[in-house]
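First comes the structure, then the notes that go with it.
We're numbering straight along the sequence, starting at 1.
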Amino acid sequence: MTSLGEYAKILRSKNSGPFEITLDVLFSDKVTYDYVKKSGKINKETICGLYLLKKEQLKSIVFYDQALGFKVTFYRNTSSGAVFDRDVYGAQQHAPLMNLEID
């Protein structure tokens, strides 16, 4: 099995404001990008399962063909910098997506 982290050139997470996390995944070539996109693994059910989200917490999944990448945005359970926030910058949230098996 090959994971998304092995296919991606860049896989990162960051805040998208104090109440959202954005996951960015970019690929180095069109063949790999198309393969992952057509696998059907990047969808609402998969993302919600990986991040233990309710469907209404997932804001968007957007594929950018020209950039050879996609972006996932979801609402944070705790706002950035709040008392119980464990990742103020949202920079450590990409690991579940990195381990997603594509094939």
Side-chain angles (χ1 to χ4, degrees):
M1 291 297 222
T2 306
S3 69
L4 183 60
E6 294 173 88
Y7 282 121
K9 179 179 181 181
I10 296 171
L11 201 159
R12 64 184 175 213
S13 62
K14 59 188 176 201
N15 285 341
S16 177
F19 305 108
E20 297 174 356
I21 297 283
T22 292
L23 309 167
D24 296 319
V25 183
L26 300 168
F27 300 90
S28 59
D29 61 84
K30 184 168 175 29
V31 172
T32 305
Y33 167 73
D34 287 340
Y35 181 77
V36 171
K37 182 179 178 181
K38 290 177 183 176
S39 75
K41 296 283 183 126
I42 310 304
N43 60 56
K44 226 177 202 188
E45 290 75 24
T46 300
I47 301 301
C48 288
L50 288 173
Y51 287 92
L52 305 175
L53 302 171
K54 296 176 186 170
K55 287 185 181 180
E56 56 272 8
Q57 287 178 280
L58 182 58
K59 184 174 181 181
S60 63
I61 300 172
V62 180
F63 286 88
Y64 295 99
D65 294 344
Q66 292 175 325
L68 303 178
F70 66 90
K71 181 181 290 267
V72 175
T73 302
F74 58 88
Y75 297 103
R76 296 175 63 115
N77 290 324
T78 304
S79 68
S80 176
V83 174
F84 295 105
D85 181 25
R86 299 181 313 185
D87 185 5
V88 72
Y89 298 109
Q92 300 176 48
Q93 304 305 310
H94 60 282
L97 192 60
M98 178 178 68
N99 295 321
L100 174 65
E101 293 180 355
I102 299 298
D103 55 21

Testing the basics here: between [X] and [Y], what is the closest heavy-atom pair and its distance to 0.1 Å?
| X | Y | result |
| --- | --- | --- |
| Ala82 | Thr78 | CB-CG2, 3.4 Å |
| Gly69 | Leu26 | CA-CD2, 3.9 Å |
| Lys14 | Asp24 | NZ-OD2, 2.8 Å |

Between [atom1] of [X] and [atom2] of [Y], what distance do you get to the nearest 0.5 Å?
| X | Y | atom1 | atom2 | answer |
| --- | --- | --- | --- | --- |
| Gln93 | Arg12 | CD | CZ | 15.5 Å |
| Thr73 | Ile47 | OG1 | CD1 | 10.5 Å |
| Leu11 | Ser3 | CG | OG | 9.0 Å |
| Asn99 | Glu6 | CG | CD | 9.5 Å |
| His94 | Leu4 | NE2 | CG | 11.0 Å |

Non-hydrogen side-chain atoms of [X] and [Y] separated by less than 4.5 Å:
| X | Y | result |
| --- | --- | --- |
| Leu97 | Tyr51 | yes |
| Arg76 | Asn15 | yes |
| Phe63 | Ile42 | yes |

Next on the checklist: Checking Thr2 against Asp103: is there a side-chain donor and acceptor pair closer than 3.5 Å?
Outcome noted: yes
Quick one: does [X]'s side chain have a donor or acceptor within less than 3.5 Å of a partner on [Y]'s backbone?
| X | Y | result |
| --- | --- | --- |
| Tyr35 | Ile102 | no |
| Ser80 | Val88 | yes |
| Lys41 | Val36 | no |

Item to check | side-chain hydrogen bond (donor to acceptor under 3.5 Å, both in side chains) partners of Asp65, counting only residues at least two apart | outcome: Tyr33, Lys37
Checklist outcome for this item: Joining Ile, Leu, Val, Met, Phe, Trp and Tyr whenever any side-chain heavy atoms lie under 4.5 Å apart, the cluster holding Phe84 also takes in Val83
Next on the checklist: Checking Phe74 against Leu23 for the side chain to side chain contact (heavy atoms under 4.5 Å, CB included) test, could you report, in this order, the C-alpha distance in whole Å, the side-chain angles of both residues, the deciding distance, and whether it holds?
Outcome noted: CA-CA 9 Å; Phe74 58 88; Leu23 309 167; 3.9 Å; yes
Please table the atom pairs, donor to acceptor, closer than 3.5 Å between any side-chain atom in residues 53-61 and protein atoms at least two apart or in another chain.
| from | atom 1 | to | atom 2 | distance (Å) |
| --- | --- | --- | --- | --- |
| Gln57 | OE1 | Lys54 | N | 2.7 |
| Gln57 | NE2 | Asn77 | OD1 | 2.8 |
| Lys59 | NZ | Glu20 | OE2 | 2.9 |

